[in-house]
Structures are given as structure tokens and as C-alpha cells.
Novice: 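Would you mind keeping the following structure in view while I ask a few things?
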There are 2 protein chains.
Amino acid sequence: MSDSDEGAGRAAPSRRKDARRNKENLLDAAAAVFVASGVDAPVRDIAARAGVGLGTIYRHFPTRADLIIAVYRHQVDACAEAGPALLAAGATPHAALGEWIGLFVDFLVTKHGLAAVLHSDEAGFDALHTYFLDRLVPVCTQLLEAAAAAGEIRSDIDAYALMRGVGNLCIGAESDPRYDARRLVGLLVAGLRSPR
Amino acid sequence: MSDSDEGAGRAAPSRRKDARRNKENLLDAAAAVFVASGVDAPVRDIAARAGVGLGTIYRHFPTRADLIIAVYRHQVDACAEAGPALLAAGATPHAALGEWIGLFVDFLVTKHGLAAVLHSDEAGFDALHTYFLDRLVPVCTQLLEAAAAAGEIRSDIDAYALMRGVGNLCIGAESDPRYDARRLVGLLVAGLRSPR
DNA sequence: AACGATACGGAACACCGTTCCGTTTTGGCA
DNA sequence: TGCCAAAACGGAACGGTGTTCCGTATCGTT
């Protein structure tokens with residue numbers, strides 16, 4: 001029950017070898033295409049790279065968001081687990097919050113267009129939105145509360161809004177050398193500090 | 001030479017009455033459709049609302065961005081002109097900067113999806129990007145420099161990056177009651193303050 | 001009135017994500 | 001081993017975009 005098995009509501013692995021192999025190929029192909037062309041890459045490209053038909057991709061991943069989730073699940077989980085670790089590591093809660101947000105930003109900006117698609121209202125992306133939020137908002141809330149309890153930041157900030165803001169700031173960060181998303185995020189985190 | 005005439009590089013009005021009328025109808029229709037369905041509305045919707053063919057819309061506005069620019073030109077210009085006015089109005093430069101950014105945010109959030117499309121890297125949107133930047137970045141630079149000269153904010157901030165960040169923060173602000181773009185922008189502006 | 005320049009409309013094209021279904025493959029069972 | 005229903009496969013087809021293209025209609029001028 002480490003990580004690749006079925007979790008709570010995940011589907012059991014298929015009983016058929018070809019199905020398992022195709023799903024694996026699809027994940028590899030999608031990962032490769034995502035780094036090459038961004039998460040907006042045409043579904044057909046991914047299917048072609050995996051040597052698979054369109055029907056197959058949609059059977060394994062009913063919506064494109066499900067595919068993206070599957071590809072990045074491990075990294076999102078790692079980010080979620082880093083939160084408590086950072087908090088326990090000794091630095092101040094505000095510093096931990098800053099570092100954790102840095103991890104989140106790193107994750108987003110290294111994936112072309114992920115940030116943009118994350119907050120897209122296109123139909124079908126609810127699952128992606130929901131997964132990110134369910135996994136990361138609680139962690140962010142915990143960091144925020146710790147920093148607020150320590151009196152380091154104002155206490156009227158909502159983790160959801162903050163994460164959404166950070167995600168938004170990361171949009172287009174890879175494709176414009178004049179725009180340094182990390183610096184802006186740093187400013188935002190600085191703005192969290194309690195007045196005086 | 002007040003405002004509706006041709007400026008520096010704008011095309012002269014057509015010699016034909018029907019062409020001028022269609023362009024006018026197109027602008028009205030686009031404005032109406034933009035408030036009803038957002039700036040992402042299908043080109044066909046706008047053409048239909050204007051009672052015009054697809055060819056006509058593309059002849060007058062070679063790219064969708066040109067249409068958006070034409071529709072919002074006046075408001076962008078007003079925003080640009082408000083900058084110096086605010087600075088002269090008496091408050092501190094940092095307050096003026098905050099108010100001016102508030103104006104910019106108001107402009108963006110009342111137009112469904114404008115913020116998103118502004119920083120889109122889709123081909124053809126360069127013109128929109130460029131127009132906004134050319135018009136507003138100098139104003140923002142002026143405000144930033146005034147505030148920096150007064151020692152109110154750190155001086156290592158680039159107007160382009162700031163405006164881009166603010167624009168990004170406004171993405172999706174209309175469609176999610178849990179996300180208050182204005183508050184996040186406020187935090188960002190607070191983060192601009194010089195340390196100590 | 002006639003005619004060339006200009007603008008018009010919308011069919012046609014090139015993509016896209018997604019659905020659907022006839023065909024192929026698989027793995028358990030007799 | 002041979003069989004066969006269940007499962008998965010591939011890709012044509014659909015509905016929706018933005019954009020191009022060109023035969024036709026209109027305008028303003030001579």
C-alpha cells in the first residue's frame with residue numbers, strides 16, 4: 001500500500017496485461033509530451049507517442065484533467081507532505097510557509113501551462129482543480145495558522161485564496177524572461193506579514 | 001484630435017458608408033457580447049449580433065485582439081491618464097500607486113476573462129499585450145519611481161513585472177466568490193513596502 | 001449610366017476535444 | 001488444448017472553434 005496501488009476510491013488495476021501496459025505507456029508518453037509541448041498538448045499527440053488509439057486514452061483517463069492528475073500525482077503528494085516537515089524543521093512558521101510556497105511555485109513553473117490550466121474554467125478540469133485543492137489547501141492552512149498563532153502574519157487570510165493567487169502569479173512564468181514569478185510570489189508572502 | 005480620430009499609426013476611416021457603419025455595429029455588438037459572454041465569445045456570435053459576415057469582422061479586425069483593443073481603448077486610455085492625476089492629488093505616492101492599481105483591477109475584473117486572455121500566449125494576442133503594456137507600464141513606472149524616491153517602497157521593482165502580476169492575480173476573479181482578487185492585489189502592494 | 005474599386009457574406013478549411021462502435025485481443029474455463 | 005464471452009482497442013465521425021478565400025453585391029466617382 002505504498003503508492004502505486006489503489007488508494008481509497010481509485011479503480012483496481014485491470015485484469016488484462018495489454019490494458020495495464022497501455023496505461024503505463026500513456027503515462028510515460030504524456031509526461032514526455034507535457035515537458036516537450038506543455039500540458040495543452042493535443043490529445044492526439046499523446047496517443048500517437050504512446051502508440052495507442054484515441055479511444056484508449058479516453059477509456060483510461062475520461063478527461064484530460066485525469067491524465068494530468070495521474071502524471072503529477074506523486075509530485076503533488078510530495079509537496080503536500082513537505083508542509084508538516086518544514087514546519088517541524090525548526091525555522092519560524094513564516095519562513096516555513098515561504099519555503100513551502102517556494103516548493104509549490106517550483107512545481108508549477110517547471111510545467112508549461114499547468115498554472116494556467118489549473119484555474120481554467122473549461123469543462124472537465126474540475127477534477128484537476130479539486131485534486132490540487134483537496135491535497136494542498138489543508139497543508140497551506142496548517143502553515144498559515146501556525147504563522148498566525150506565532151503572530152508573524154495577519155490572521156484574516158484564507159489558504160484557498162492564497163494558493164489560488166500564487167497559482168495565478170505563476171501563469172506564463174516559463175515563457176517570459178522579463179517576468180519573475182518567484183519574486184512576485186515573494187512580495188505577496190511579504191505582504192502577509194502583520195503590520196508594524 | 002481629441003480621441004476618436006486617427007492617432008499616430010491608425011488607419012484612416014473608410015471612404016465607404018457601409019464599411020464605416022459595419023465597423024460601428026461590430027464595435028457595439030462586440031461590447032455587448034463581451035459583457036454577456038466574456039471576451040472569449042465565439043467570433044460567430046459577434047458577427048451574428050452585428051448582422052455581418054465572418055469575412056467582414058476579420059477585415060476590420062484582423063485578429064480578435066484588435067477587436068478587444070478597439071472596444072476597450074477608451075477605458076485603457078482613461079486609466080493611463082488617471083496615474084499622473086492621482087500622483088498630483090496630494091496623497092503619498094504609495095497611496096496613489098495603490099489607488100491606481102485599484103483602478104486597473106476594477107477595469108480587469110469587470111470584463112470576464114480579459115485578464116486571462118491578456119497574458120495568453122496564443123498567436124495573435126501580441127497586439128493586445130503590447131497595447132496594454134505600452135499604454136500602462138510608463139504610468140506604473142512613474143508611480144513606482146515616485147514612491148521609491150519617497151522611500152516608501154523598495155526600489156528594485158520593475159513596473160512590467162508588477163503589472164503582469166496584478167493582471168495575473170485578476171484571472172478568474174469574476175467567477176469565484178471565494179477568491180477576492182482585490183485583497184490579494186492589496187497584499188502584493190503591501191509587500192512592496194520597504195522593509196522596517 | 002457605367003464602371004472600377006471596395007467591401008460583403010458565408011462556404012470551406014484546419015484544428016481541437018470527445019464520443020461511438022465495429023473489430024481485435026485476452027484470459028479463464030471446459 | 002480449444003473455445004468464447006468479456007474486455008479493451010483503434011480510429012472514423014461529431015460538434016465546436018478560429019481563420020482564409022473568393023464569387024458576388026454595393027458604393028462613389030466619372
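Computed from heavy atoms alone, side chains included, the values below leave out hydrogens, waters and symmetry copies.
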Novice: Report yes if a side-chain nitrogen or oxygen of A:H60 is closer than 4.0 Å to either non-bridging phosphate oxygen (OP1 or OP2) of D:dC9; otherwise report no.
Specialist: yes
Novice: Is it true that a side-chain atom of A:W100 and a backbone atom of A:C79 form a donor plus acceptor pair closer than 3.5 Å?
Specialist: yes
Novice: Distance check needed: C:dC8 C1' versus B:K17 NZ, whole Å only.
Specialist: 15 Å
Novice: At under 4.0 Å, does any side-chain N or O of A:N22 touch on OP1 or OP2 of D:dC9?
Specialist: yes
Novice: Could you tell me whether the side chain of B:R44 has a donor or acceptor atom within less than 3.5 Å of a complementary atom in the base of D:dG18?
Specialist: yes
Novice: Which of the following nucleotides, C:dA7, D:dT19, C:dG17, is nearest to the side chain of B:S14?
Specialist: C:dA7
Novice: Contact class for B:A48 (heavy atom, under 4.0 Å): base, sugar-phosphate, or nothing?
Specialist: nothing
Novice: Check the phosphate of C:dA5 against B:R15, side-chain N and O only, distance under 4.0 Å to OP1 or OP2. Yes or no?
Specialist: no
Novice: For A:I57 and C:dC16, what is the distance between atoms CD1 and P respectively, to the nearest whole Å?
Specialist: 13 Å
Novice: Nearest to the A:R64 side chain among D:dC9, C:dT19, C:dG17, which nucleotide is it?
Specialist: C:dG17
Novice: Round to a whole Å and report the spacing from CZ of A:F61 to P of C:dT19.
Specialist: 16 Å
Novice: From the options C:dT26, D:dG10, C:dT18, select the nucleotide whose nearest atom is closest to the side chain of A:D18.
Specialist: C:dT26
Novice: Could you state the atom-to-atom distance from NZ of A:K23 to C1' of D:dC9 in whole Å?
Specialist: 16 Å
Novice: May I have the distance from B:L26 (atom CG) to C:dA7 (atom P), rounded to whole angstrom?
Specialist: 14 Å
Novice: Go through the steps for A:S194 and A:E152 under the test side chain to side chain donor-acceptor pair (under 3.5 Å), then give the verdict.
Specialist: CA-CA 6 Å; A:S194 1; A:E152 293 181 309; over 6 Å; no
Novice: In whole angstrom, what separates B:I46's CD1 from D:dG18's P?
Specialist: 8 Å
Novice: Counting only side-chain N and O atoms of A:T56, is one of them less than 4.0 Å from OP1 or OP2 of D:dA8?
Specialist: no
Novice: Are the side chain of B:R154 and the backbone of B:P195 linked by a donor-acceptor contact shorter than 3.5 Å?
Specialist: no
Novice: In whole Å, what is the span from the OH atom of A:Y58 to the P atom of C:dC16?
Specialist: 11 Å
Novice: By the salt bridge (charged side-chain N to carboxylate O under 4.0 Å, His left out) test, which pairs, at least two apart or in different chains, include something from residues 42-67 of chain A?
Specialist: none
Novice: Assuming nearest nucleotide by heavy-atom distance, tell me which of B:R20 and B:P42 is located more 5' along DNA chain D.
Specialist: B:P42
Novice: If you assign each of B:R21 and B:R59 to its closest nucleotide in DNA chain D, which residue comes earlier from the 5' end?
Specialist: B:R59
Novice: CG of A:L54 versus C1' of C:dT23: gap in Å, rounded?
Specialist: 16 Å
Novice: With distance as the sole criterion, do the side chain of A:R16 and the base of C:dT25 form a donor-acceptor contact below 3.5 Å?
Specialist: yes
Novice: Do side-chain atoms of B:T141 reach the backbone of B:V137 as a donor and acceptor pair under 3.5 angstrom?
Specialist: yes
